[in-house]
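Residue indices begin at 1 and follow the sequence shown.
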Amino acid sequence: MLTAADIAAARARIGSHVVTTGCPESFALRRVTGCPVYLKAELRQQTGSFKDRGSLNKLMQLGDADRDAGVVAASAGNHAQALARHAARLGIPCTIVMPNNAPLIKVSNTRASGARVIQTGETLSDGMAVVDRLVTVERLTLVHAFDDPAVMAGQGTMGLEILEQVPEVTTIVVPVGGGGMISGVATAVKAEKPGVRVIGVEAEASPGAVRSLEAGAPAHVEMSDTLADGIAVKRIGDLTYPHLEALADDVVLVSEEEIIRAIFFLLEREKLVVEGAGAVGVAALLEGKIPVAAGDTVVCILSGGNIDMNMVSRIIDRGLWADGRLASLSVVVRDRPGYLNEVTGVVAIAGANVLHIEHTRAFGDIAVGKVAIEMKIETRGRQHVAEIVDQLRELGHQVDEVG
């Protein structure tokens, strides 16, 4: 088992080379939960995630022969970028095995750090066969993304920072994938303040920790697609599982829709761009899945911010639709001059904005002599949409909200 001394040593080793990330209070989350909530912003690390800590701690403990030979890892994202960057800084050759479908930006960033990138297979499990061969043939050192004591100790340095930044903390919320982060953080925190609750959060699409705790041993799970790709693993670590079992107070699950709402909340209310894996803790708090009281003080770890901007755009649209600030209306009116103007006039007088409009006669389910008007509108919210719909119906038009 990892010890507090391991984590203290890791901090002394890597402290001057990683960012001591901020932990500001979220006043928006205080209003939701009724207690102070602080956000540990690991997205401010050099490579945009907490992975800098564990990767660097492992690299700095390699002997000369291992440094000369180089390191290897299978990763599709944050671990790859962190390992490649710090290996380059230390002059250590680095090879990363990535799936063929890895996001192009992550492949490009990893290569830009000087790593040799080998793309193969559809999953990280496919790539592990290549990693095993490179370890044997080229004598490379495997730097596992989570199932390694040095990596776990590096991640645990977050726990020491949290205790210093928020000494009154009663609950720490930690994203869970393979278990390296929660193992390190829980070890550090429980050693100094055993009464602090450590709550893990993972995606419903990848419930490895929950299923393992139910089974009493690391369990294999089949994953579904998830926005929280940074914590999507098929099996929790053999080394991390005992820490999770002994030190985590609970692990809860959040859905894809809840993750989307959390990312949108952080964008709009906190002005923070957070990836799906990094937002799961906020998702759990927003949905009331972690019980808190007025006397609690919560720290929620935002583990990373490496999210594709196209995905951010879609999440913003999704969030606006959910709030009713974007809406799509289907209005059936008589095919006579002036009716289109009447419909758009109602929207304008109500103070909404028409973003897109289509005027169509060729609908088989619309009576002859009528036309369909499809409008995408920008409003103040759900109640505003309802008012516009009511006003159009009062004029005798058939109106339905689409989607």
Side-chain angles (χ1 to χ4, degrees), residues 1-4 6-7 23 26 29-30 32-40 42 50 146 152-153 155-204 206-219 221 228 231 233 236-237 239-255 258 262 277-303:
M1 295 288 284
L2 201 63
T3 69
D6 295 327
I7 296 169
C23 197
S26 167
L29 279 171
R30 179 195 275 263
V32 172
T33 63
C35 69
V37 179
Y38 295 81
L39 301 176
K40 182 62 170 164
E42 283 297 293
F50 75 103
F146 51 84
M152 294 155 61
Q155 321 303 26
T157 59
M158 267 185 289
L160 299 179
E161 291 177 14
I162 289 170
L163 291 176
E164 293 170 357
Q165 293 168 323
V166 190
E168 67 276 22
V169 62
T170 62
T171 302
I172 300 176
V173 184
V174 188
V176 177
M181 175 165 38
I182 195 169
S183 296
V185 169
T187 298
V189 170
K190 296 284 188 177
E192 189 167 332
K193 291 190 174 182
V196 173
R197 293 187 304 161
V198 178
I199 310 293
V201 186
E202 60 183 354
E204 286 180 356
S206 180
V210 169
R211 298 293 173 261
S212 296
L213 290 170
E214 290 171 349
V221 296
I231 55 172
V233 299
I236 199 167
L239 299 180
T240 61
Y241 175 76
H243 296 79
L244 181 74
E245 184 180 47
L247 300 173
D249 292 274
D250 196 8
V251 181
V252 301
L253 300 173
V254 290
S255 70
E258 290 164 351
V280 293
V282 170
L285 289 170
L286 289 175
E287 301 300 323
K289 295 188 173 183
I290 299 174
V292 294
D296 281 319
T297 298
V298 178
V299 173
C300 183
I301 296 175
L302 307 181
S303 57

Can you list, pair by pair, the side-chain donor-acceptor contacts under 3.5 Å of residues 171-181, counting residues two or more places apart and other chains?
residue : atom : partner : partner atom : Å
Thr171  : OG1  : Arg197  : NE           : 3.1
Thr171  : OG1  : Arg197  : NH2          : 2.9

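- Between the CG atom in Leu29 and the OH atom in Tyr38 there is a gap of 12.5 Å [rounded to 0.5 Å].
- Closest approach of Cys23 and Val166 over heavy atoms only: SG-CG2, 3.9 Å.
- Nearest heavy-atom pair, Lys190 versus Val196, reported as atom, atom and distance to 0.1 Å: NZ-O, 2.8 Å.
- Closest non-hydrogen pair, Ser183 versus Leu2, comes out as O-CD2, 4.4 Å.
- Rounded to the nearest 0.5 angstrom, Ile162 CD1 and Lys193 NZ are separated by 11.5 Å.
- For Asp249 (side chain) and Val198 (main-chain N/O), a donor-acceptor pair under 3.5 Å exists by modelled atom type.
- The side chain to side chain contact (heavy atoms under 4.5 Å, CB included) check on Glu192 picks up Leu163, with sequence neighbours excluded.
- Considering all non-hydrogen atoms of both residues, Leu160 and Ala188 come closest at CD2-CB, 4.0 Å.
- Summarising the geometry, atom CE belonging to Met158 is positioned 7.5 Å from atom OG belonging to Ser303; distances are rounded to the nearest 0.5 Å.
- Distance NZ/Lys40 to CG/Leu302: 10.5 Å, rounded to 0.5 Å.
- Considering every non-hydrogen atom in both Pro207 and Leu253, the closest pair reads CB-CD2, 3.9 Å.
- For the side-chain contact (heavy atoms from CB on, under 4.5 Å) test with Thr33, the passing option among Ile290, Leu286, Val298, Val292 is Val292; the others fail.
- Listed by first and then second residue, the side chain to side chain donor-acceptor pair (under 3.5 Å) pairs involving residues 281-293 are Glu258-Lys289, Arg261-Glu287 (not counting sequence neighbours).
- Residues Leu239 and Phe146 fail the side-chain proximity criterion, which asks for heavy atoms closer than 4.5 Å.
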Run the side chain to side chain contact (heavy atoms under 4.5 Å, CB included) test on Thr187 and Ile7 for me, step by step, so that the C-alpha distance in whole Å, both residues' side-chain angles and the decisive distance to 0.1 Å come before the verdict. CA-CA 8 Å; Thr187 298; Ile7 296 169; 3.8 Å; yes
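- Side chains of Val254 and Glu204 form no contact here, defined as non-hydrogen atoms less than 4.5 Å apart.
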Worked check of side chain to side chain contact (heavy atoms under 4.5 Å, CB included) between Leu244 and Ser212
CA-CA 10 Å; Leu244 181 74; Ser212 296; 5.6 Å; no
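- We find the CD-CD distance between Glu161 and Glu42 to be 6.5 Å, quoted to the nearest 0.5 Å.
- In terms of heavy-atom proximity, Val251 sits nearest to Ala209 at CG1-CB, 4.2 Å.
- Atoms CG and CD, on Asp296 and Glu168 in that order, are 11.5 Å from each other to the nearest 0.5 Å.
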